[in-house]
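Predicted model only: the values in this text are computed from it and were never measured. Residue numbers begin at 1 in each chain, while the letters A, B, ... track the order of the sequences.
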Protein chains: 2
Amino acid sequence: MTEAPDMVDNDALELLTRRLVSNAALNSAERAAVSALMREVECFEAGACIVQHGAPCRRAWVLLEGFAYGQIGSRHSRRQIVGFYLAGDLLDLHGALTGLSSEAVIAATDCKIATLDAEALVSLIEAKPNLGRAFWIETLVEASIAREWIMNVGQRNARQRLAHLCCEMAWRSREAGLGDGRTFSMPITHEQLGDATGLTSLHVNHTLRKLEAQDLIVQDGHAIRIIDEARLRAEGDFEELYLCRSAPRSM
Amino acid sequence: MTEAPDMVDNDALELLTRRLVSNAALNSAERAAVSALMREVECFEAGACIVQHGAPCRRAWVLLEGFAYGQIGSRHSRRQIVGFYLAGDLLDLHGALTGLSSEAVIAATDCKIATLDAEALVSLIEAKPNLGRAFWIETLVEASIAREWIMNVGQRNARQRLAHLCCEMAWRSREAGLGDGRTFSMPITHEQLGDATGLTSLHVNHTLRKLEAQDLIVQDGHAIRIIDEARLRAEGDFEELYLCRSAPRSM
DNA sequence: CGCGGTATTGACGTTCTTCAACACTAGTGG
DNA sequence: CCACTAGTGTTGAAGAACGTCAATACCGCG
């Protein structure tokens with residue numbers, strides 16, 4: 001998966017459109033306008049850096065396939081992983097809008113990604129403000145997730161953090177149409193999971209095996225299956241409110 | 001400060017306009033349009049709940065005077081404070097756009113706040129998409145700050161957390177035109193500071209006095225003065241990149 | 001086959017929390 | 001004017017959760 005197919009296909013277009021529609025109601029003209037945004041498709045190998053932290057930036061991305069994560073951190077400190085990205089998620093809108101990326105984005109698996117040119121994005125929302133609202137809501141939800149992650153590392157113990165994260169990823173995977181709702185893929189090492197939860201890889205390991213021993217989850221490679229959802233949600237104090245992107249009153 | 005002056009004055013208008021201009025270049029028509037947004041001014045007493053978490057919502061707010069903080073948390077868990085708000089900051093754009101507030105906002109001191117009607121906000125950005133961009137960037141910066149807070153509670157020890165927070169609040173206070181850049185106001189208890197940093201009030205106390213004993217800061221009531229900025233920044237591993245809201249290439 | 005990265009397990013330290021007291025301040029009501 | 005109270009700040013000691021260190025097992029890959 002190293003060759004770069006540089007054509008945007010219908011699947012990619014539909015993936016982005018579906019996401020925007022789930023943020024705000026769009027008429028057919030607005031839907032059609034989305035196709036002008038995506039320029040080309042690029043592939044990144046697992047471990048590759050898609051976006052550099054603090055680098056000047058002129059575009060955003062749509063993750064089409066694969067699993068990526070955002071991280072921040074200077075030389076002096078250990079890195080912190082600040083978000084996970086699934087197929088359908090938008091990457092680095094901050095960079096596209098402000099001209100500087102505020103987080104690094106790393107491909108955890110091989111990733112297929114469509115680019116959104118910043119100029120095109122700005123002139124699109126100039127022409128179709130309602131689309132701008134859909135993108136904006138994407139950012140609002142991202143901020144909401146970040147706040148919940150602060151809660152996770154700030155107030156919960158290792159067990160609760162991992163339980164909560166499992167619930168979140170299961171939920172988001174289901175929303176993205178990946179897995180069956182009970183099973184989801186988290187293709188990262190314990191080391192990275194530790195950097196996301198503020199724990200060491202050793203403690204992640206220990207805690208995950210404990211959750212498994214108590215029949216809350218089962219690990220199968222890098223896939224996780226939730227056995228007892230009710231109990232897991234209770235353990236992690238999970239409430240999906242913060243993940244909801246719909247605008248009840250519509251436009 | 002319990003009476004509600006329900007008139008929007010020029011100061012309030014200018015505060016909001018200045019903030020939006022620092023996000024995106026605005027022409028005079030766009031600046032003028034901002035005045036249609038603010039409806040009325042409300043006052044909240046210290047401790048009052050301005051926004052309820054999970055409540056249906058039809059408006060956003062501009063903090064005109066005072067100090068507020070955002071928090072999340074269910075009955076079963078201790079609350080986590082996920083952000084501080086100073087004069088000029090926008091509150092609950094998430095609620096205005098999605099119809100549900102994703103965090104509670106509490107007044108730490110008496111606060112004067114202008115309301116932005118959600119309908120008016122949506123139709124304004126429909127008419128002036130460039131203004132929408134300015135609001136959007138506000139959200140992007142908020143998300144960026146939230147990510148840095150994840151870093152704070154996830155990777156740094158008590159000393160670093162408080163040093164970093166002091167640097168952030170000093171920076172933001174200066175940007176907001178409050179204090180002299182070295183001194184800033186943080187009118188909250190150690191308890192609340194602990195809820196923001198993922199520590200206990202006792203540990204906050206201890207750590208703060210240590211920072212003071214080593215001549216990094218001085219506390220004067222609820223004001224903090226930074227004595228040795230270079231050393232404090234080094235301690236907290238502070239880089240202001242994540243706070244920058246300017247779009248270098250403008251529109 | 002051998003190598004490097006990852007997972008796993010146990011012993012030992014450190015940071016932070018919890019518990020228990022007490023001091024200081026402001027506000028309240030007598 | 002003076003208790004009285006409640007909230008906050010301060011200090012010390014004991015305990016728990018999590019990190020660090022060390023060693024071994026596993027597994028895909030060249």
Participant: Distance check, rounded to the nearest 0.5 Å: B:Q71 atom CD versus A:M151 atom CE?
Facilitator: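 Between atom CD of B:Q71 and atom CE of A:M151 there are 9.5 Å.
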Participant: How many Å lie between NE2 on A:H190 and C1' on D:dG19, as a whole number?
Facilitator: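 Those two atoms, NE2 and C1', are 17 Å apart.
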Participant: Let me know the distance between NE2 of B:H222 and C1' of D:dT8, rounded to the nearest Å.
Facilitator: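 Rounded to the whole Å, the gap is 8 Å.
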Participant: Can you pull out the residues from residues 205-215 of chain A that lie within a 4.0 Å heavy-atom distance of DNA chain C?
Facilitator: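 Residues of residues 205-215 of chain A under 4.0 Å from DNA chain C: A:N205, A:R209.
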Participant: Listed by chain and number, what are the side-chain hydrogen bond (donor to acceptor under 3.5 Å, both in side chains) partners of A:R231, not counting sequence neighbours?
Facilitator: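 side-chain hydrogen bond (donor to acceptor under 3.5 Å, both in side chains) list for A:R231, sorted by chain: A:D228.
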Participant: Contact between B:D92 and B:C57 at the side-chain level, heavy atoms closer than 4.5 Å - yes or no?
Facilitator: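 SC-SC contact between B:D92 and B:C57 confirmed.
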Participant: Does any residue of residues 193-202 of chain B have a heavy atom under 4.0 Å from DNA chain C, and if so, which ones, in number order?
Facilitator: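 Correct list: B:G198, B:L199, B:T200, B:L202.
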Participant: Taking only residues two or more places apart in sequence or in another chain, which ones pass side-chain hydrogen bond (donor to acceptor under 3.5 Å, both in side chains) with A:T197?
Facilitator: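 For A:T197, no residue satisfies side-chain hydrogen bond (donor to acceptor under 3.5 Å, both in side chains) once neighbours in sequence are set aside.
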Participant: Rounding to 10°, can you tell me the angle the first-five-pair axis of the helix from C:dC1-D:dG30 to C:dG30-D:dC1 makes with its last-five-pair axis?
Facilitator: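 Comparing the first five pairs with the last five, the axes sit 40° apart.
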Participant: Taking only residues two or more places apart in sequence or in another chain, which ones pass side-chain contact (heavy atoms from CB on, under 4.5 Å) with B:Q160?
Facilitator: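 Listed in chain order: B:R156, B:N157.
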Participant: Can you name the residues that form a side-chain hydrogen bond (donor to acceptor under 3.5 Å, both in side chains) with B:S173, not counting sequence neighbours?
Facilitator: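 Scan of B:S173 (side-chain hydrogen bond (donor to acceptor under 3.5 Å, both in side chains), adjacent residues dropped) gives none.
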Participant: Drop me the distance from B:K112's NZ to B:E42's CD, to the nearest 0.5 angstrom.
Facilitator: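 Interatomic distance, B:K112 NZ to B:E42 CD, rounded to 0.5 Å: 13.0 Å.
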Participant: Does anything in residues 199-211 of chain A pair up under side chain to side chain donor-acceptor pair (under 3.5 Å), and if so which pairs, sequence neighbours excluded?
Facilitator: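 Those involving residues 199-211 of chain A do not exist here.
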Participant: Under the side-chain contact (heavy atoms from CB on, under 4.5 Å) test, which residues partner B:T109, sequence neighbours left out?
Facilitator: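 So B:T109 forms a side-chain contact (heavy atoms from CB on, under 4.5 Å) with B:F67, B:C111, B:P187.
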Participant: Suppose we screen for side-chain contact (heavy atoms from CB on, under 4.5 Å). Which residues come up paired with B:I145, at least two apart in sequence or across chains?
Facilitator: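 Scan of B:I145 (side-chain contact (heavy atoms from CB on, under 4.5 Å), adjacent residues dropped) gives B:V141, B:W149, B:E168, B:R172, B:Y242, B:L243.
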Participant: With a 4.5 Å heavy-atom cut-off, do A:I226 and A:F184 have their side chains touching?
Facilitator: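 A side-chain contact exists here, since the closest heavy-atom pair is under 4.5 Å.
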Participant: Just N and O in the side chain of A:H203: are any of them under 4.0 Å from OP1 or OP2 of D:dC18?
Facilitator: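 For A:H203, the contact criterion (side-chain N or O under 4.0 Å from OP1 or OP2 of D:dC18) is met.
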Participant: Does A:N10 CG have over 12 foreign heavy atoms under 6.0 Å away?
Facilitator: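 It does not: A:N10 CG has 12 such atoms or fewer within range.
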Participant: Reading DNA chain C from 5' to 3', where do the contacts with chain A start and stop? Cut-off is 4.0 Å to heavy atoms.
Facilitator: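 Answer, 5' to 3': C:dT6 to C:dG10.
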Participant: In chain order, what residues pass the side-chain hydrogen bond (donor to acceptor under 3.5 Å, both in side chains) check against B:E235, with sequence neighbours excluded?
Facilitator: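 Partners of B:E235 by the side-chain hydrogen bond (donor to acceptor under 3.5 Å, both in side chains) criterion, ordered by chain and then number, come out as B:R159.
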